[in-house]
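First comes the structure, then the notes that go with it.
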There are 2 protein chains.
Amino acid sequence: MAIKDRKERDKLDRRKLIIESATKLFLEQGYEKTSIRNIADDIEYSPATIYLYFKEKDEIFYVIHEQGFELLGQQFTLLSQIQNPFDRLFEMGKTYLKFGVENPDYYDLMFIMRAPLAEIACHANWDAGDNAFQYLVRTISECLEQQMIKAGDPHTISMSMWSFVHGLVSLRIRDRFKSLNIDDDLSENLLLQSLDYFMQNIKV
Amino acid sequence: MAIKDRKERDKLDRRKLIIESATKLFLEQGYEKTSIRNIADDIEYSPATIYLYFKEKDEIFYVIHEQGFELLGQQFTLLSQIQNPFDRLFEMGKTYLKFGVENPDYYDLMFIMRAPLAEIACHANWDAGDNAFQYLVRTISECLEQQMIKAGDPHTISMSMWSFVHGLVSLRIRDRFKSLNIDDDLSENLLLQSLDYFMQNIKV
DNA sequence: TGGTTTTACTGAACAGTGTTCACTATATTT
DNA sequence: AAATATAGTGAACACTGTTCAGTAAAACCA
């Protein structure tokens, strides 16, 4: 059975090889511009081979999609040490903004793109995103319990805060602020200013 | 010279024909799925003909892009009659949400898509969007003057409000709320609830 | 009217995309 | 050693945006 084991390991290795190459190319040039043939060229296999390991292009990028959530999740869990839930909430917002601006391609896949999520939504597999959202809901609930923010439905408040930071990041990385004569350095400050404005407003 | 005039009219007619077909197909199936060949088939011309009237695909959709802004602009100007600037601001938010949810493809082109705006941003031609944003800034300035909302920089507040509603719409039309077990009917209410939450928070 | 030029249009091609499938060569099993 | 299972591939399919040489008709000029 040792042979079968080795074969299975080899198979996983080649899957990993594909993912690593795909991730590399994806971070260099984004989803749309990374073709199956690009990946195949990079790992020196035929394009057809990739389809032995993945059903379709989206399946590869679903893996990268998850990597993105792991990355964001890691940065979120770093904030667990912050005792004051309001401070923690604030830092979560800052972290989210930073993540989006610094990893626009990951962000795109995670929160903007249409394609790969169609599958995900149906298969109810958006655990990573769901976890992050639940973490937000919990933090906001803590704030409410300790009466650090104005009373309200924690679900609505969570959705509001998420929508707010998502709006900032997505308008920013899709260059909608540029047209309003806001240059990049300035706009990064404006994002933080806007978050501050939001936080001051929900503060009790 | 009458002939030249007629020819010019004919040329505009055919341009219009292309745009109308493109708009129709676009509203049926969105940007990506509307190909030049689709449009050519529809108007019963060769694909190459379309390139006599438009430099590239994006140029066609830039026209549709402007149509979208006209549509939203029309709905915004309807609100000018509202005297109370806070009420007007609130209605602008509702109108924005409604527009986005009811015209997801227009919204996509206007505020989410990457491609066609690259050109627009460079050519500093985003007048339509700029106007809408200035209208928002003016309304917010009025609110500030009349001390109906908490003091702050009108620019930051405008950016915040825009980002907020954009976040709601774009997460909604890209199905990011679906995965959180929020069905469509409910989520439309949640959008309004969130807007209400935002407005109550900035209220003085 | 006849010949020339301009205009409008097109078929075919180029280079690219995701994806499939018959086929080959190697490795494993019997 | 022969039969079978596995891994990988070249070539093709049906698309995409875009270009360009070639054609047919309309407009212009003599």
Quiz item: Rounded to the Å, how far apart are B:Y45 OH and C:dG11 P?
Solution: 13 Å
Practice problem: Using atom CZ of A:R14 as one end and atom P of D:dG8 as the other, report the distance to the nearest whole Å. | Solution: 4 Å
Practice problem: Give the B/S/- string for nucleotides 13-19 of chain D, one per nucleotide from 5' to 3', where a protein heavy atom under 4.0 Å of the base yields B, of only the sugar-phosphate yields S, and otherwise -. | Solution: ---BBBB
Quiz item: What pair of heavy atoms forms the shortest contact from B:L195 to B:G93, and how long is it?
Solution: CD2-C, 3.6 Å
Quiz item: So, are A:K55 and A:E59 salt-bridged, with charged N and O less than 4.0 Å apart?
Solution: no
Quiz item: Between A:E142 and A:F86, does a side chain to side chain contact (heavy atoms under 4.5 Å, CB included) hold up when you go through it step by step?
Solution: CA-CA 8 Å; A:E142 275 188 66; A:F86 186 84; over 6 Å; no
Practice problem: Whenever both distances are under 3.5 Å in a Watson-Crick or G-U wobble pair, mark it; put DNA chain C into dot-bracket that way, with [ ] for crossing pairs and | when the partner is on another strand. | Solution: ||||||||||||||||||||||||||||||
Quiz item: Are the side chain of B:K33 and the backbone of B:L25 linked by a donor-acceptor contact shorter than 3.5 Å?
Solution: no
Quiz item: OP1 or OP2 of C:dC9 sitting under 4.0 Å from any side-chain N/O of B:Y53?
Solution: yes
Quiz item: Can you check the B:R15 CZ to C:dT7 P distance for me, whole Å?
Solution: 18 Å
Self-check item: Length of the CZ-P vector between B:R9 and C:dT7, whole Å
Solution: 18 Å
Quiz item: Salt bridge between A:D175 and B:R114, side-chain N to carboxylate O under 4.0 Å?
Solution: no
Self-check item: Whole-Å distance separating the CD atom of A:Q29 from the P atom of C:dG16
Solution: 13 Å
Quiz item: Between C:dC9 and B:T49, is there an OP1 or OP2 to side-chain N/O distance shorter than 4.0 Å?
Solution: no
Self-check item: Atom-to-atom span, CD of A:E44 to P of D:dT9 - whole angstrom
Solution: 11 Å
Practice problem: Could you walk me through whether B:T77 and B:Y135 pass the side-chain hydrogen bond (donor to acceptor under 3.5 Å, both in side chains) test, one step at a time? | Solution: CA-CA 9 Å; B:T77 49; B:Y135 185 59; over 6 Å; no
Self-check item: B:K57 to B:Y31, cation-pi by 6.0 Å centre distance and 45° axis angle
Solution: yes
Quiz item: For B:L12 and C:dT7, what is the distance between atoms CG and P respectively, to the nearest whole Å?
Solution: 16 Å
Quiz item: When you measure from the centre of the six-membered ring of B:F26, is the NZ or CZ of B:K24 under 6.0 Å away and within 45° of the axis?
Solution: no
Self-check item: Criterion ring pair (Phe, Tyr, Trp, His ring centres under 6.0 Å) against A:F69, the qualifying member of A:Y62, A:Y106, A:Y107, A:F111
Solution: A:F111
Quiz item: What is the distance, rounded to the nearest whole Å, between atom CG of A:D41 and atom P of C:dT17?
Solution: 9 Å
